[in-house]
Structures are given as structure tokens and as C-alpha cells.
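For this chain, numbers begin at 1 and follow the sequence in order. Computed from heavy atoms alone, side chains included, the values below leave out hydrogens, waters and symmetry copies.
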Amino acid sequence: MRYRNGRVLVVRPGLIGGPGDPSGRSTYWPLRFAEHRDPVLVPKVSEGEARVQIIDVRDLSAFILEAGLAGEHGYVNAVDEVHALGLVLKLAREAAAAVAASDGYPVLEQRMVDYEVSRMAADSVKPWTGPTSLPLLLPQEDGFAGFARRADARALSLGLHRRSLRQMFEDSVSAGAGLEVDSLRSGLTAAEERRILGG
């Protein structure tokens with residue numbers, strides 16, 4: 001930054017998601033609800049305990065381009081609003097149902113089975129990302145207490161436009177039509193989910 005007298009735009013996006021997310025973190029839950037398998041294993045967390053903050057890659061790229069062309073500078077958190085994990089799961093479920101209905105397919109009323117996160121280590125289930133994981137569930141260690149709680153005021157003042165999380169999930173389901181969660185880099189495969197449900 002010293003070579004431009006501080007007039008550099010430094011964008012800090014946090015977690016990036018959207019249709020085709022190569023990590024599978026933002027697409028696992030909507031695609032899981034889009035599969036006609038019942039029930040769905042979901043993490044059981046206390047209200048207010050687990051938070052999620054995802055920025056759609058399309059909104060992020062548009063913001064970087066527009067803010068850069070406008071000559072904006074300094075540090076800015078380009079993030080979405082903070083959502084409780086329980087709400088995120090609800091929106092993913094609703095998005096999958098909406099896409100199924102619009103495509104003329106029957107909507108499966110799946111049951112959600114709460115999974116005690118205290119069992120994760122014993123069941124070899126990881127938080128957050130990667131194979132055999134519960135995507136978007138942050139690790140319980142104290143070091144993650146401030147994660148997914150970044151302020152968004154400056155980005156909004158600079159013109160950040162954010163589509164709804166529900167819309168991002170619907171687009172992810174549409175883009176991933178026919179894609180099974182077993183092919184994603186994050187989450188539980190069908191066999192892993194059956195193993196844990198049967199445990």
C-alpha cells in the first residue's frame with residue numbers, strides 16, 4: 001500500500017459461496033435437502049450459539065469491480081449479514097422445496113433429525129468443511145468465537161448489494177440439478193449419514 005499512498009482497496013470477504021462452490025460448504029445443505037432421502041441429519045446447536053456469514057461470489061465480484069472503478073480505498077469487510085445456523089438450514093430446505101415445485105416435482109417433507117455435536121469426535125465427523133463433515137458448523141473451540149460476526153456497515157455504505165441467502169440456495173440447487181452430495185468436497189455421504197443415524 002505504501003507505493004500508492006494508501007489508496008488501495010483491500011476487500012476482506014470472509015466465507016465465499018454460491019452456485020458451483022468448489023468447496024461444497026455453501027452448497028451441501030441445499031443440495032442435501034434437494035435429494036429425496038429421508039431423514040436429514042442436522043447439527044443440534046443452541047439458539048444464538050452457531051452463526052453463519054456467507055457472501056455470494058457474484059455479489060462479491062460485482063462489488064470489487066464497482067468499488068474499484070469508483071476509486072474507493074481502504075479496508076472493507078465484504079460480507080453478508082449474520083445468520084443463525086438454524087435459520088440457514090431452514091432456508092436451504094425451503095430453497096430445495098421451491099426449486100422442486102417450480103420444476104414440477106413432488107416436494108418431499110423430510111424429517112430433520114438433531115445430531116448432538118458432542119458425538120462428532122467419536123463418530124469421526126469434522127466441523128466446517130471437508131469430507132465427513134457438517135458444513136458451516138464452526139469448531140467449538142474459543143478461537144472461533146468471533147468468526148462469522150464481521151461488521152458490514154462500510155461495505156453497505158460503498159454500495160455492496162447482497163441477494164438473499166434463500167436466493168443463493170435456490171440458484172445453487174438449480175445449478176446443481178442431478179448432482180449428489182456424495183460428489184461434493186464437504187459434507188456427509190449417503191453411507192456416512194446412514195451410519196451415524198443408525199448409531
Side-chain angles (χ1 to χ4, degrees), residues 14-19 21-55 80-100 105-149 164-166 168-173 176-199:
L15 177 60
I16 305 171
D21 176 5
S23 76
R25 282 176 299 198
S26 69
T27 53
Y28 172 78
W29 292 111
L31 291 177
R32 173 61 188 90
F33 283 113
E35 290 189 6
H36 281 201
R37 287 192 290 113
D38 189 52
V40 180
L41 185 86
V42 297
K44 181 181 180 181
V45 293
S46 301
E47 187 64 31
E49 190 172 289
R51 291 285 183 265
V52 178
Q53 197 172 28
I54 311 172
I55 182 74
D80 191 20
E81 61 182 298
V82 178
H83 296 90
L85 180 58
L87 175 60
V88 172
L89 298 177
K90 178 177 180 288
L91 293 174
R93 185 183 193 184
E94 292 175 352
V99 173
Y105 294 109
V107 177
L108 178 64
E109 291 295 330
Q110 294 155 309
R111 292 178 298 119
M112 292 195 293
V113 175
D114 287 337
Y115 174 67
E116 296 287 350
V117 295
S118 59
R119 290 179 47 192
M120 291 175 65
D123 291 336
S124 299
V125 177
K126 298 185 292 293
W128 187 239
T129 190
T132 319
S133 70
L134 292 174
L136 303 182
L137 176 66
L138 286 167
Q140 301 299 301
E141 290 85 356
D142 292 340
F144 293 87
F147 201 85
R149 286 171 169 80
S164 70
L165 193 57
R166 162 76 180 265
M168 186 187 78
F169 285 157
E170 286 189 22
D171 293 345
S172 296
V173 173
L179 186 67
E180 296 183 349
V181 295
D182 283 17
S183 66
L184 300 178
R185 294 181 181 177
S186 295
L188 300 174
T189 65
E192 289 167 344
E193 190 172 20
R194 284 194 300 269
R195 170 180 63 81
I196 296 169
L197 285 167

From CA spacing to verdict: side chain to side chain contact (heavy atoms under 4.5 Å, CB included), Trp128, Leu137:
CA-CA 5 Å; Trp128 187 239; Leu137 176 66; over 6 Å; no
Ile196 vs Tyr115, side chain to side chain contact (heavy atoms under 4.5 Å, CB included): CA-CA, chis, key distance, verdict
CA-CA 9 Å; Ile196 296 169; Tyr115 174 67; 3.5 Å; yes
Could you check Val42 against Asp114 for side chain to side chain contact (heavy atoms under 4.5 Å, CB included), going step by step and ending with a plain yes or no?
CA-CA 5 Å; Val42 297; Asp114 287 337; 3.7 Å; yes
Checking Trp29 against Leu91 for the side chain to side chain contact (heavy atoms under 4.5 Å, CB included) test, could you report, in this order, the C-alpha distance in whole Å, the side-chain angles of both residues, the deciding distance, and whether it holds?
CA-CA 9 Å; Trp29 292 111; Leu91 293 174; over 6 Å; no
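Residues passing the salt bridge (Lys or Arg N to Asp or Glu O under 4.0 Å) test with Asp182: none are found, sequence neighbours excluded. Not counting sequence neighbours, the partners of Glu116 by the salt bridge (Lys or Arg N to Asp or Glu O under 4.0 Å) test are Lys44. Every salt bridge (Lys or Arg N to Asp or Glu O under 4.0 Å) that Lys90 has, sequence neighbours left out, goes to Glu94. In terms of the side chain to side chain donor-acceptor pair (under 3.5 Å) criterion, Arg93 has no residue partners (sequence neighbours excluded). Residues satisfying the side-chain contact (heavy atoms from CB on, under 4.5 Å) test with Ala97, not counting sequence neighbours, are Val107. Among residues two or more places apart in sequence or in another chain, the side chain to side chain donor-acceptor pair (under 3.5 Å) test is passed with Tyr28 by none. By the side-chain contact (heavy atoms from CB on, under 4.5 Å) test, Thr27 is found to be paired with Asp21, Leu31, Ser172, Leu184, residues two or more places apart in sequence or in another chain being considered. With sequence neighbours excluded, the residues forming a salt bridge (Lys or Arg N to Asp or Glu O under 4.0 Å) with Arg32 are Glu193, listed by chain and number. Every residue two or more places apart in sequence or in another chain that forms a side-chain contact (heavy atoms from CB on, under 4.5 Å) with Pro127 is listed here: Met120, Pro139. Residues satisfying the side-chain contact (heavy atoms from CB on, under 4.5 Å) test with Ala191, not counting sequence neighbours, are Thr189, Arg194.
The closest side-chain donor-acceptor pair between Ser133 and Ser186, if any, does not fall under 3.5 angstrom.
Across every non-hydrogen atom of Pro43 and Leu134, the tightest pair is CB-CD1, 4.0 Å. When all heavy atoms of Arg51 and Ala84 are compared, the pair lying nearest together is NH1-CB, 3.5 Å. Closest of all the heavy-atom pairs between Glu192 and Leu188 is OE1-CA, 3.4 Å. Between Phe169 and Ser26, the closest heavy-atom pair is CE2-O, 3.4 Å. Nearest heavy-atom pair across Ala34 and Val173 is CB-CG1, 4.0 Å. Ala98 and Glu170 make their closest contact through CB-OE2, 3.8 Å (heavy atoms, listed as atom of the first residue, atom of the second, distance).
In Arg185, the CZ atom is not crowded: 12 or fewer heavy atoms of neighbouring residues, nucleotides or ligands sit closer than 6.0 Å.
Residues Ile54 and Leu136 form a side-chain contact, since some pair of their non-hydrogen atoms from C-beta on lies under 4.5 Å apart.
Here the CZ-CG distance, from Arg111 to Leu41, works out to 11.5 Å after rounding to the nearest 0.5 Å. Distance check: His36 NE2 to Gln110 CD gives 7.0 Å after rounding to the nearest 0.5 Å.
Checking side-chain atoms of Gln53 against main-chain N and O of Leu15 turns up no donor-acceptor pair under 3.5 Å. Looking at Glu35, its side chain does come within 3.5 Å of a backbone N or O of Val181 through a donor-acceptor pair.
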